[in-house]
Structure formats: structure tokens, C-alpha cells
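In this chain, residues are counted from 1 in sequence order.
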Amino acid sequence: MKTAKTTEIISREEISFQRDGLTLVGHLFKPEGFDEKLQYPALIVQGSVSSVKEMMPDNYAQLLVKEGFVVLNFDYVSWGESDGLPRQNESVDGKLKDLIAAVTYLENLSFVDKIGMVGVCTSGGNAAYLAASDNRVDAIAAVVPWMYEPALAEPFWGKETLEKNHQRALDNQKLFEATGENQKTQIFTNTPEVEGFNLTPGEYYFDKNRGGAIENWKNEVSWIAWIDWVEKFDPIGQAENINIPTLVFSTDDALIPDQAKKFYSLLRSEKELVWGTGYHFNYYDVYPEMRQAVDAVVPFMEKHLKQK
């Protein structure tokens, strides 16, 4: 297995921008031979739930910047190095605000022309929210996307767990507001004996040579996040409101691949579906799988973002 090496940096700058008085911290990649007097297509690249910029966002950015794109990735509010309380909180509305602020940041750079987004896993769903909400975005691509909808909650978690954790989220929201205490649990667990939001093999996160090696990442999530993650997040519901070109890339061995097909089927805009091969978590950092996704994303984004 050949994994992407995050030490192979083309041109990466540490940047920050504001959203509602909060500082979001990110990386800005510029192509080889960059000339600030020219105009470049730009891509926002974001990753899975709980991920930080040093994970799959950096991995994809290093491939996409070689294709002539300016690439921005960043830590969502409350994750990684970005501001925001409660920490490790999954907020559907908050992430949309973060992405809109990222578009504004890019729009204010003199060398940026058209703007697109590439969302991996959960951020594929977040990209759907952005596409449905911000007409400054010209195209999106969802790579092995977590195209969830609340109707899946009971089949995934069971009625008893849903009721218990819903109340737990409400109680912890009250506790945080009253005392500032933020109770957390694991975002991923690979055994039912360990409490967590998502029971999954998740080997990428548990491997200390892969995601588990990233210093800014923690296998933690605020209990407050349960309601947004399980009951509110609904990228499927955004599909009919998207009117920009949309690429969906997935595989039979991705997570909930039928949901990716469902999302695609509901799109009314110009769209493209590419079906690759390979396991979901390999699309985070394993070169052959990532290359499949990039080989689909690049011509799609060139078509819709680059000036003719």
C-alpha cells in the first residue's frame, strides 16, 4: 500500500480567515511557477467528519495543486487549530458558514478566478450544502461521499440508542451553557464495547502511521454534536436545490455507496457520476485510489473553472 506523503509540499502557506469573530486556520497551496498577476481556478478541499487539514485535505491538495489549481483547506470551527466552542462539535449550520467564509477568503484574493469545492467523505455532503446556498461557487465534486439522510438513523443506530443519545445531547448542551463543561466521547470506535458515535473498522484513524499519526487530530466528539450528526445532517435533501455542475465519485466498497447514487439521481444540474474501485478509507491517503479520484476531478474542474 503506497500512502501519500504529506511531507512532499509544493508551496503551502499557513493562512487564517474570520467567520463570525472566530479565526479559522488553514493551508493555501499555490501551483509551481505561481504568478500573483495571473488568474487561477481555486478549489476548497475538505475531509471526513472530525478530520483536520493535515489529513486527506492536505493529501488531495498536493495532487490538485500540481494540476494548476490554487487550493485552500482549513480546520472547521471547533476542530484542529481553528477557534470555536464547544470543542469537537459537529454543526451542520456552522460548517456551512465556515465554507461560505472560505469562499469569501478566496474571492478576495486578486489571483483567484472561479471557485469550486472538493469534499471527501462527510465534506462531500457539506459541499452539497455549499452548492445549494452560495451562488459564487461554480462546481463541486464529492469523493466517496457520506451522503447521509436522517431516515438512516434508526437502521444505523437503533431506536433505543437514538433516544438515549438525543437526551444526552440535550443534557450536555444545558451543562455546557451553564458551566462551560463539554462532555465528549469517541467519534470512531471499532468495538461495540467502547462507546462512540460511529462503529466502523476505521483503520485509517486507528493506524498510528496514517490518520492516527496526525498530531492535531483527536478521536473525540462533543456529545452536543449528536443531534446535528444523526438527526439534522441531510445532504440528500440539498440535491434538488443545486444548480451548478456536480461530480459524484464513489465505489462499491465506499461507505453507503447507494446513497451517493441516490444523491446523483436527485440532482437537476449538469452532473457526472464516476464509479471507481477500492476501499473507502484508502481514498483518504493511498495513492492509487486517490489518483482515481483526482483523475476524475481534474478534467471536471478544468471544464467548469478554467477560462476558455
Side-chain angles (χ1 to χ4, degrees), residues 41-49 56-57 60-61 63-64 67-73 92 95-96 99-100 102-103 106-107 113-152 233-278 280 283-284 289-308:
L43 294 172
I44 298 168
V45 179
Q46 294 292 95
S48 66
V49 64
M56 63 290 298
Y60 276 91
L63 296 178
L64 292 166
E67 305 293 338
F69 297 94
V70 167
V71 184
L72 170 69
N73 59 46
V92 174
K95 282 188 168 181
L96 175 57
L99 291 169
I100 290 172
V103 173
L106 287 172
E107 192 178 48
D113 185 19
K114 293 184 177 181
I115 299 170
M117 178 174 173
V118 179
V120 180
C121 192
T122 304
S123 285
N126 297 122
Y129 275 86
L130 180 65
S133 304
D134 195 328
N135 60 15
R136 299 172 298 170
V137 179
D138 293 289
I140 64 165
V143 175
V144 291
W146 180 255
M147 288 301 182
Y148 180 79
E149 60 183 314
L152 297 177
F233 186 54
D234 186 15
I236 291 292
Q238 306 306 306
E240 292 183 352
N241 299 319
I242 294 173
N243 58 19
I244 61 172
T246 299
L247 168 70
V248 177
F249 178 97
S250 196
T251 81
D252 288 337
D253 294 317
L255 300 178
I256 53 173
D258 287 345
Q259 290 292 114
K261 292 178 181 177
K262 181 175 182 178
F263 174 79
Y264 178 81
S265 72
L266 293 171
L267 289 168
R268 297 174 177 174
S269 60
E270 181 177 347
K271 59 186 179 178
E272 182 177 346
L273 178 67
V274 179
W275 215 250
T277 59
H280 183 95
Y283 278 89
Y284 292 2
E289 281 82 352
M290 289 177 60
R291 189 72 251 175
Q292 287 184 59
V294 169
D295 284 348
V297 167
V298 168
F300 181 82
M301 289 299 179
E302 286 181 338
K303 176 181 178 181
H304 297 292
L305 301 187
K306 290 193 175 181
Q307 293 180 337
K308 295 187 171 58

Inset, instruction - Would you mind checking if Lys303 and Glu272 are paired as a salt bridge, meaning a charged N to carboxylate O distance below 4.0 Å? - result: no

pair [X]-[Y]: side-chain heavy atoms closer than 4.5 Å:
X: Met56; Y: Val143; value: no
X: Leu64; Y: Val298; value: yes
X: Phe249; Y: Gln292; value: yes
X: Ile44; Y: Asn73; value: no
X: Val274; Y: Leu247; value: yes
X: Met117; Y: Gln46; value: yes
X: Val70; Y: Leu43; value: no
X: Asp234; Y: Tyr129; value: yes

For the backbone of [Y] and the side chain of [X], can you confirm whether one donor and one acceptor N or O come within less than 3.5 Å of each other?
X: Thr251; Y: Ala254; answer: yes
X: Ser269; Y: Ile244; answer: yes
X: Tyr148; Y: Thr122; answer: no
X: Arg136; Y: Ile100; answer: yes

Inset, instruction - Tell me, with the steps shown, if Lys262 and Met147 meet side-chain contact (heavy atoms from CB on, under 4.5 Å). - result: CA-CA 9 Å; Lys262 181 175 182 178; Met147 288 301 182; over 6 Å; no

Legend entry - side-chain contact (heavy atoms from CB on, under 4.5 Å) assessment of Val120 paired with Tyr283: CA-CA 8 Å; Val120 180; Tyr283 278 89; 5.5 Å; no

Legend entry - Geometric class of the His280/Tyr284 ring pair [parallel <30°, tilted 30-60°, perpendicular >60°]: perpendicular

Inset, instruction - Apply salt bridge (Lys or Arg N to Asp or Glu O under 4.0 Å) to Glu67 and Arg291, showing your working. - result: CA-CA 12 Å; Glu67 305 293 338; Arg291 189 72 251 175; 3.6 Å; yes

Inset, instruction - Step by step, work out the side-chain contact (heavy atoms from CB on, under 4.5 Å) result for Glu149 and Gln259. - result: CA-CA 9 Å; Glu149 60 183 314; Gln259 290 292 114; 3.1 Å; yes

Legend entry - Trace of the side-chain contact (heavy atoms from CB on, under 4.5 Å) decision for Leu96 with Ser133: CA-CA 8 Å; Leu96 175 57; Ser133 304; 3.6 Å; yes

Inset, instruction - Mark yes or no: Lys306 above the aromatic ring of Phe69, with NZ or CZ under 6.0 Å from the six-membered ring centre and no more than 45 degrees from the axis. - result: yes

Legend entry - Distance (rounded to the nearest 0.5 Å) between Asp134 CG and Ile140 CD1: 12.0 Å

Legend entry - Those residues that, when tested against Leu273, pass side-chain contact (heavy atoms from CB on, under 4.5 Å) (two or more places apart): Val248, Tyr264, Trp275

